[in-house]
Amino acid sequence: MNEITLTVTGMTCGGCVNSVHKVLTALPGVQSAEVSLTPGQARVVYDAARVDRTTLVQAVVAAGFGVSD
């Protein structure tokens, strides 16, 4: 398993945190996701053979948020 921390922008409340958590954990290969409003991060444990960083970022962006490098 690999672990990555994404800096998520645009989250303003607990509902945003729940939305990001939901889209990330719905992806095949994601074992877990811990999303925090402050400092706006998502720590994701995933199987690199099934999902990659680009797919994780695309899911967050599709949910209406941003990811900064």
Side-chain angles (χ1 to χ4, degrees):
M1 287 292 166
N2 292 5
E3 183 178 314
I4 189 171
T5 300
L6 302 173
T7 301
V8 181
T9 59
M11 293 192 298
T12 59
C13 64
C16 297
V17 170
N18 290 338
S19 294
V20 172
H21 181 266
K22 185 176 179 178
V23 298
L24 288 172
T25 55
L27 294 171
V30 172
Q31 179 181 358
S32 66
E34 293 177 18
V35 184
S36 61
L37 183 58
T38 304
Q41 292 183 333
R43 188 174 69 87
V44 185
V45 178
Y46 66 100
D47 179 354
R50 299 182 66 201
V51 67
D52 59 13
R53 182 186 189 282
T54 301
T55 304
L56 298 172
V57 170
Q58 287 173 343
V60 173
V61 170
F65 304 96
V67 177
S68 63
D69 291 332

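Values reported hereafter were calculated over all heavy atoms of this structure, with side chains retained and with hydrogens, waters and symmetry mates removed. Small disclaimer: the values here were computed from a predicted structure and weren't measured.
Taken to the nearest 0.5 Å, the CD atom of Glu3 stands 8.0 Å off from the CD atom of Glu34. Atom CG of Asn2 sits about 13.0 Å away from atom CZ of Arg53, to the nearest 0.5 Å.
Looking at every heavy atom in both residues, Gly66 comes nearest to Val60 through O-CG1, 4.1 Å. Closest approach of Val35 and Ala42 over heavy atoms only: CG2-CB, 4.1 Å.
The hydrophobic cluster containing Val67 does not contain Val45, counting ILVMFWY residues as joined when their side-chain heavy atoms lie under 4.5 angstrom apart, directly or transitively.
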Let me have the donor-acceptor pairs involving side chains of residues 14-21, under 3.5 Å, with sequence neighbours excluded, atom names and distances please.
unit_1: Asn18; atom_1: ND2; unit_2: Gly14; atom_2: O; d: 3.4
unit_1: Ser19; atom_1: OG; unit_2: Gly15; atom_2: O; d: 3.0
unit_1: His21; atom_1: NE2; unit_2: Ala33; atom_2: O; d: 3.2

Exercise for review: Starting from the C-alpha separation in whole Å, work towards a yes-or-no answer on side-chain contact (heavy atoms from CB on, under 4.5 Å) for Met1 and Asp47.
Suggested key: CA-CA 5 Å; Met1 287 292 166; Asp47 179 354; 4.1 Å; yes
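Between Val57 and the options Ile4, Asp52, Val8, Leu6, a side-chain contact (heavy atoms from CB on, under 4.5 Å) holds for only Leu6. When each of Val44, Val61, Val23 is tested with Leu56 by the rule side-chain contact (heavy atoms from CB on, under 4.5 Å), just one qualifies, namely Val44.
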